[in-house]
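Written below as structure tokens is the structure these notes are about.
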Amino acid sequence: MLDIKFIRENLNAIRENCANRNARVDLGRFLALEEERRLKITALEEIRRLQNETAEKMRGKQGQPEREMLISLGKELKLRAQEAEESARSAETALAELARQIPNMTHPESPVCLDESGNKEIRRWGEPAKFDFKALDHVVLGERLSLIDFDSGAKVAGQKFYYLKNEAVLLEQALILYALHSLRKEGFSPIMTPDLAREQILSGIGFNPRGAETQIYSVANTDLCLIATAEITLGGMLADTILEESQLPARYVGVSHCFRTEAGAAGRESKGLYRVHQFTKVEMFAFTTPETSEAMHEEFVRHEEKLFQGLGIPYRVVDICTGDMGGPAYRKYDLEAWMPGRGENGDYGEVTSTSNCTDYQARRLGIRFRPATESSAGQREGSKKLRFVHMINGTAIAISRALIAVLENYQQKDGSVLVPKALLPYMGGVERISR
RNA sequence: GGAGAGGUGCCAGAGCGGUCGAUCGGGGCGGUCUCGAAAACCGUUGUCCUUCGAAAGGAGGACCGUGGGUUCGAAUCCCACCCUCUCCGCCA
């Protein structure tokens with residue numbers, strides 16, 4: 001969420017931003033609640049002050065007549081405090097509820113548009129291969145080559161679950177290792193994260209674990225949810241932590257399974273592996289100072305591009321517009337890879353997504369850093385106040401979608417699929433998949 | 001899952017229900033000494049919220065794992081939960 005004071009002081013900008021982002025928030029009500037909350041806090045603190053004062057006077061007044069008086073005064077104050085507390089808390093809760101509906105501010109260069117039609121392609125890499133045969137989609141390829149089994153998935157777990165088999169299993173592991181090895185060289189620490197997380201963490205990252213439209217599976221009789229992305233567990237990893245500025249930037253590359261209910265996604269383009277309830281994903285995550293988050297975000301999109309260039313898969317980079325961004329993001333880029341079997345004659349499909357969430361998540365998760373003090377010449381002032389870190393997330397490789405791109409782009413006329421060169425070191429000698 | 005111990009500030013570790021935001025030590029920061037450093041000595045050292053102030057800062061409130069409770073008053077007593085450690089059980 002945004003800083004409450006910031007909201008109060010930048011109402012017009014917030015109002016415009018909400019409109020651009022298609023977020024309907026009653027800012028008038030927000031202001032009223034905010035004032036109510038402050039008044040109530042002030043009132044409560046005054047009562048607390050009196051309580052403290054009364055308790056202080058009690059010291060060493062054994063059996064004095066004054067004692068009785070103070071006790072009854074204390075009792076009365078206690079009742080008043082309880083009421084004031086309840087009232088302050090309800091205002092606080094209502095305000096927080098409203099505050100979390102206000103999206104992050106937006107990068108000035110992000111395209112402004114209410115729906116995805118405003119997404120802007122900013123560059124393209126690679127030429128979609130021209131096949132001298134009719135390109136198959138990954139569903140057919142997966143079936144013919146015994147790589148993907150949707151029927152068994154449906155039988156055992158339901159629609160949109162699947163089994164990977166044979167070389168597809170090797171491909172998943174190879175893609176994971178390829179991403180891990182590449183990013184480790186770029187200064188990322190590899191992490192295997194839990195696949196479950198507490199609701200509180202989900203909500204700090206900006207997911208809503210409850211409600212009819214939630215994307216999140218939750219585990220009965222616990223406060224745990226299946227994570228939709230390792231962004232949740234990587235971001236949550238440092239919740240309530242104070243870092244030293246010297247520890248920043250911190251780059252992590254996490255591997256996890258991802259679970260999504262895909263509620264309300266019926267009818268959308270969702271053939272095969274494109275939209276499934278469970279998949280494996282390698283995710284980049286970074287904690288930075290506010291001054292360096294934009295550069296890190298650009299770095300992330302370059303890493304994503306490098307990974308797909310390495311795989312030899314054509315893609316385009318899309319600058320996501322205001323209406324298509326999601327609450328916590330300040331700016332967001334997607335990579336869309338060429339998928340020859342998508343649509344009539346092939347099409348680009350989203351394979352990665354990277355967002356700079358600035359301090360929007362850090363504020364709720366309590367992730368701060370202590371600025372380095374400039375002791376040397378000049379300003380030793382350097383306000384040593386704690387500041388919120390900026391948090392950047394980005395897909396390295398979402399296995400299911402990368403698998404679509406690999407199978408469809410590397411298919412051969414004879415029905416086999418070649419293994420991309422970059423994956424060969426991890427494929428145990430398999431260079432071509434055929435039956 | 002069962003039994004026991006414990007969760008206190010940057011770290012370590014005290015804390016009869018009132019004088020505890022919290023002893024002592026270490027570390028960090030500032031200073032004295034020194035050509036410089038070490039040692040020694042002196043001083044200093046949290047976060048969040050409200051409010052006043054241009055600012056420096058002042059005033060008030062909250063925070064001793066989390067949430068409740070008892071009490072005029074709780075780090076200290078009670079309950080629940082979370083987490084850590086040791087032992088047992090179970091397992092990968």
Side-chain angles (χ1 to χ4, degrees), chain A residues 1-9 31-96 99 192 194-204 218-225 233 236-248 257 359 362-389:
Chain A
M1 60 183 215
L2 293 172
D3 180 45
I4 303 253
K5 255 187 233 151
F6 176 85
I7 299 174
R8 201 171 44 184
E9 287 161 12
L31 276 190
L33 269 173
E34 205 277 330
E35 188 177 356
E36 183 186 332
R37 178 194 72 125
R38 267 186 297 139
L39 289 175
K40 286 182 170 171
I41 285 179
T42 311
L44 171 63
E45 288 184 350
E46 175 61 16
I47 297 171
R48 288 255 167 83
R49 213 201 88 234
L50 290 170
Q51 278 186 297
N52 289 343
E53 208 174 270
T54 309
E56 181 70 14
K57 282 184 191 152
M58 278 296 285
R59 266 185 13 216
K61 293 232 166 77
Q62 244 60 325
Q64 256 47 267
E66 214 183 328
R67 189 184 151 85
E68 289 308 315
M69 218 188 69
L70 286 171
I71 288 181
S72 69
L73 176 59
K75 280 186 175 166
E76 186 205 322
L77 285 172
K78 190 168 140 186
L79 287 179
R80 285 175 55 195
Q82 269 164 4
E83 277 170 40
E85 195 174 332
E86 217 154 291
S87 155
R89 192 185 333 207
S90 73
E92 185 89 55
T93 311
L95 186 71
M192 298 279 313
D195 286 342
L196 282 74
R198 294 182 198 286
E199 280 178 15
Q200 199 191 333
I201 300 290
L202 279 276
S203 147
S218 47
V219 180
N221 304 320
T222 70
D223 63 344
L224 290 170
C225 302
T233 38
M237 187 166 69
L238 296 187
D240 296 317
T241 301
I242 297 170
L243 299 153
E244 296 299 327
E245 182 169 349
S246 58
Q247 296 175 274
L248 301 175
H257 291 119
D359 59 3
R363 184 166 292 107
R364 188 97 67 83
L365 291 169
I367 309 179
R368 294 172 294 175
F369 73 99
R370 200 184 310 283
T373 46
E374 298 171 48
S375 51
S376 56
Q379 315 168 323
R380 62 184 43 187
E381 193 76 30
S383 78
K384 57 174 204 168
K385 253 192 138 15
L386 297 179
R387 305 174 68 196
F388 288 108
V389 300

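Note on naming: letters A, B, ... go to the chains in the order of the sequence lines (proteins, then strands), and numbering restarts at 1 for each one. What you see is a predicted model, and the numbers here were worked out from it, not measured in a lab.
Between the C1' atoms of B/A54 and B/U71, the separation comes to 46 Å (whole Å). One C1' atom belongs to B/G25, the other to B/A80, and the distance between them is 36 Å to the nearest Å. Taking atom C1' on both nucleotides, B/A38 is separated from B/U32 by 15 Å, rounded to a whole Å. Taking the P atoms as reference points, B/U34 lies 23 Å from B/G27, given to the whole Å. Distance check on atom P: B/G21 versus B/A75 gives 8 Å, rounded to whole Å. Nucleotides B/C85 and B/C49 are separated by 36 Å at their C1' atoms, to the nearest Å. The separation of B/G15 from B/C77, taken at their C1' atoms, amounts to 15 Å, rounded to a whole angstrom. As rounded to the nearest Å, B/A37 and B/C29 have P atoms that lie 13 Å from one another.
The side chain to side chain contact (heavy atoms under 4.5 Å, CB included) check on A/Glu53 picks up A/Arg49, A/Leu50, A/Lys57, with sequence neighbours excluded. Listed by chain and number, the residues in a side chain to side chain contact (heavy atoms under 4.5 Å, CB included) with A/Leu39 are A/Glu35 (sequence neighbours excluded). Considering only residues two or more places apart in sequence or on other chains, A/Glu56 meets the side-chain hydrogen bond (donor to acceptor under 3.5 Å, both in side chains) condition with A/Arg59. The side-chain hydrogen bond (donor to acceptor under 3.5 Å, both in side chains) test applied to A/Ser87 returns A/Lys40, not counting sequence neighbours. Partners of A/Thr54 according to the side-chain hydrogen bond (donor to acceptor under 3.5 Å, both in side chains) rule, which considers only residues two or more places apart in sequence or in another chain, do not exist here. In this view, A/Glu86 satisfies the side-chain hydrogen bond (donor to acceptor under 3.5 Å, both in side chains) rule with no residue, not counting sequence neighbours.
Across all strands, A/Lys5 comes closer than 4.0 Å only to sugar-phosphate atoms, never to a base (heavy-atom distances). Using a 4.0 Å heavy-atom criterion, one finds that A/Thr54 contacts no nucleic acid atom at all.
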Quick one: which protein N/O atoms are closer than 3.5 Å to N/O atoms of nucleotides 58-60 of chain B? Pair and distance per line, please.
residue, atom, partner, partner atom, Å
B/G60, N2, A/Glu45, OE1, 2.9
B/G60, N2, A/Glu45, OE2, 3.2

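Closest-nucleotide positions on RNA chain B for A/Glu85 and A/Arg368 were compared, and the one nearer the 5' end corresponds to A/Arg368.
The CD1-P distance, from A/Ile71 to B/G18, rounds to 16 Å in whole Å. For A/Leu39 and B/G61, the CG to C1' distance is 16 Å, given to the nearest whole Å. Rounded to an integer number of Å, the gap from A/Ile201 CD1 to B/U66 C1' is 14 Å. The distance between atom CG of A/Leu243 and atom C1' of B/C10, rounded to the nearest whole Å, is 13 Å. Between A/Asp223 atom CG and B/G67 atom C1' there is a gap of 13 Å when expressed in whole angstrom units. Rounded to whole angstrom, the span from the CD atom of A/Glu92 across to the C1' atom of B/C48 amounts to 11 Å. The nearest whole Å value for the distance from the CZ atom in A/Arg38 to the P atom in B/U50 is 8 Å. As rounded to whole Å, 14 Å separates atom P of B/C82 from atom CD of A/Glu199.
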Per-pair distances, 0.1 Å, donor-acceptor, side chain in residues 70-83 of chain A, under 3.5 Å, sequence neighbours excluded:
residue, atom, partner, partner atom, Å
A/Ser72, OG, A/Met69, O, 3.0

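Distances shown here put a side-chain N or O of A/Arg37 below 4.0 Å from the OP1 or OP2 atom of B/U50. In this model, the phosphate group of B/G68 is approached by a side-chain N or O of A/Arg89 to a distance below 4.0 Å at OP1 or OP2.
Inter-residue side-chain proximity for A/Ile47 and A/Glu85 is flagged as unmet; no heavy-atom pair is nearer than 4.5 Å. Within the 4.5 Å cutoff, side-chain heavy atoms of A/Leu224 are placed close to those of A/Arg198. Side-chain atoms of A/Gln200 and A/Asp223, non-hydrogen and from C-beta on, never get closer than 4.5 Å to each other.
Remark: B/A59 base-pairs with B/U50; criterion is Watson-Crick or G-U wobble with both hydrogen-bond distances under 3.5 Å. In this structure B/A5 sits in a base pair with B/U84, meeting the Watson-Crick or G-U test at under 3.5 Å. Under the Watson-Crick or G-U wobble criterion, with both distances below 3.5 Å, B/C72 is paired with B/G18. The base-pairing partner of B/A39, taking Watson-Crick or G-U wobble contacts with both distances under 3.5 Å, does not exist among the strands shown.
Between B/C83, B/C72, B/C49, one nucleotide has an atom nearer to the side chain of A/Arg198 than all others, and that is B/C83. Residue A/Arg67 places its side chain closer to B/C72 than to any other of B/C72, B/U47, B/U50.
Summarising the geometry, atom CZ belonging to A/Arg8 is positioned 9.0 Å from atom CG belonging to A/Asp3; distances are rounded to the nearest 0.5 Å.
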B/S/- along nucleotides 73-78 of chain B (protein heavy atoms under 4.0 Å) is S-----

